[in-house]
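Basis for what follows: all heavy atoms, side chains included, without hydrogens, waters or symmetry-related copies. Note on naming: letters A, B, ... go to the chains in the order of the sequence lines (proteins, then strands), and numbering restarts at 1 for each one.
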2 protein chains.
Amino acid sequence: MRPLSHPPIEDLRPEAILHALSDPIRAAIFAKIMQVGCVEACSALSALGDRVIPKSSLSNHFKVLREAGLIRSERHGVEVRNHSRWAEVEARFPGLLSGIINAYASDAGSAPRAAEMARPA
Amino acid sequence: MRPLSHPPIEDLRPEAILHALSDPIRAAIFAKIMQVGCVEACSALSALGDRVIPKSSLSNHFKVLREAGLIRSERHGVEVRNHSRWAEVEARFPGLLSGIINAYASDAGSAPRAAEMARPA
DNA sequence: TCCCATAGTTCGGAATTTCGGAACTATCGG
DNA sequence: CCGATAGTTCCGAAATTCCGAACTATGGGA
């Protein structure tokens, strides 16, 4: 199985990042990773509230996040651990991620839906 | 013809904004509107460098930007003038737009492509 | 007034992308 | 070696996007 390649930070493209995070589910996954520090794909499944996400879709969401350069995935035995690349991305595109995450967080308060980012409970 | 409805600022959703700006062409159009202050659709066509964008696609791009709440469009005679809603959006989602625009601008320097945002010439 | 040119929208089919079930692979614990 | 768990791949269906062609609306003449 492939060693899960990640793009070097200088190859990151804003449109890929925006596209990755324009999906509320992916945004929620990413927010979760940042909250918790590290997450394996399967546990993210249950973490998204009421919504049940098929494994194959979930796998694809992680792939999109990884290829956008937002997360780093490492195999540990049978599972994959995903870490955010926040610091790198922040250095490359200052203010981008914080603006996006804050936007989702403030939106969650006014109109809660499937993507419940940064919700207290 | 419809009076070109715009969503009230409290209805804006982050995912719609990210989706709208995850297309480099739309991002370039939006950046152009902010640079120049106001733009009518047709002139944006030539403004995007080498790329020729069909009228119907352009019309759709403006629609996406409008429905995301990023621009305000008014008919003036035969043409439509598009203004950015930057101030409103910035008040609603602080730091979101500046982060995105800066990201594209810094990317343009390192890897120029179809979307030439904030390029001097 | 009628006609034309300009600016933009709508329609509809082709191309692309996304979704997700089923089958597959990889790894760990017995 | 076997079964269970974690995840990927494959591929057809559904949704989206793209864009040419036809259409609509407005202003400016003649």
Side-chain angles (χ1 to χ4, degrees), chain A residues 1-6 13 15-29 32-33 36 38-48 50-68 71-83 114-115, chain B residues 1-6 13 15-29 32-33 36 38-48 50-68 71-83 114-115:
Chain A
M1 202 165 258
R2 246 113 26 285
L4 287 172
S5 76
H6 300 81
R13 308 218 283 123
E15 58 263 45
I17 294 176
L18 296 189
H19 173 250
L21 295 179
S22 71
D23 180 319
I25 294 176
R26 282 193 294 263
I29 292 173
K32 180 84 184 173
I33 291 176
V36 176
C38 167
V39 113
E40 87 259 22
C42 235
S43 77
L45 199 149
S46 58
L48 253 50
D50 40 8
R51 189 88 157 74
V52 173
I53 302 157
K55 281 202 310 176
S56 58
S57 302
L58 205 49
S59 177
N60 188 58
H61 285 319
F62 277 95
K63 184 177 165 202
V64 171
L65 289 170
R66 189 167 53 242
E67 293 183 345
I71 63 175
R72 191 176 295 282
S73 311
E74 296 164 11
R75 285 179 204 288
H76 283 263
V78 73
E79 71 188 21
V80 174
R81 291 192 201 143
N82 298 280
H83 301 261
Chain B
M1 200 165 258
R2 249 118 14 289
L4 287 171
S5 77
H6 300 81
R13 331 242 331 317
E15 58 263 44
I17 293 176
L18 296 189
H19 173 250
L21 294 178
S22 71
D23 180 320
I25 293 176
R26 282 195 292 264
I29 292 174
K32 180 84 184 173
I33 291 176
V36 177
C38 167
V39 113
E40 85 260 23
C42 236
S43 76
L45 197 150
S46 58
L48 253 50
D50 40 6
R51 189 87 156 72
V52 173
I53 303 156
K55 282 204 307 177
S56 57
S57 302
L58 204 49
S59 177
N60 189 57
H61 286 320
F62 276 95
K63 185 176 163 201
V64 171
L65 289 170
R66 190 167 54 243
E67 294 183 343
I71 63 175
R72 190 175 294 282
S73 311
E74 298 165 8
R75 285 179 203 287
H76 283 262
V78 74
E79 72 189 21
V80 173
R81 292 192 201 142
N82 299 281
H83 303 261

I need the minimum non-hydrogen distance between Ala68(A) and Ala20(A), along with the two atoms involved. CB-CB, 3.9 Å

Find the distance Glu40(A):CD to dT5(D):P and express it as a whole number of Å. 14 Å

Find the distance Lys55(A):NZ to dC24(C):C1' and express it as a whole number of Å. 10 Å

Separation of dG20(C) C1' from His61(A) NE2 (nearest whole Å): 10 Å

Closest nucleotide of DNA chain D for Val78(A) versus for Lys63(A): which of these residues is on the 5' side? Val78(A)

Return the CG to CZ distance between Asn60(A) and Arg66(A), rounded to the nearest 0.5 Å. 10.0 Å

Round to the nearest Å and state the distance from Ile25(B) atom CD1 to dC18(D) atom P. 7 Å

Check for a donor-acceptor pair, side chain of His83(A) on one end and backbone N or O of Arg81(A) on the other, with a separation under 3.5 Å. no

Is Ser57(A) close enough to dG20(C) that one of its side-chain N or O atoms is under 4.0 Å from OP1 or OP2 there? yes

Rounded to whole Å, the CZ-P distance (Arg75(B) to dT6(C)) equals 19 Å

Nearest of dA6(D), dG20(C), dG8(C) to any side-chain atom of Val80(B)? dG8(C)

Would you say the side chain of Ile33(B) lies within less than 4.5 Å of the side chain of Phe62(B), judging by non-hydrogen atoms? yes

Donor-acceptor pair, distance only, cut-off 3.5 Å: does the side chain of Ser22(B) make one with the backbone of His19(B)? yes

So does Ser59(B) get a side-chain nitrogen or oxygen closer than 4.0 Å to the phosphate oxygens (OP1/OP2) of dT9(C)? yes

Could you tell me the separation between the CG atom of Leu58(A) and the P atom of dT5(D), rounded to a whole number of Å? 17 Å

Of the listed nucleotides dA21(D), dG21(C), dC18(D), the one nearest the side chain of Pro54(A): dG21(C)

Would you please confirm or rule out a distance under 4.0 Å between OP1 or OP2 of dT17(D) and any side-chain N or O of His19(B)? yes

May I have the distance from Arg66(A) (atom CZ) to dT8(D) (atom P), rounded to whole angstrom? 6 Å

Can you tell me the distance, in whole Å, between the CD1 atom of Ile53(B) and the P atom of dT17(D)? 16 Å

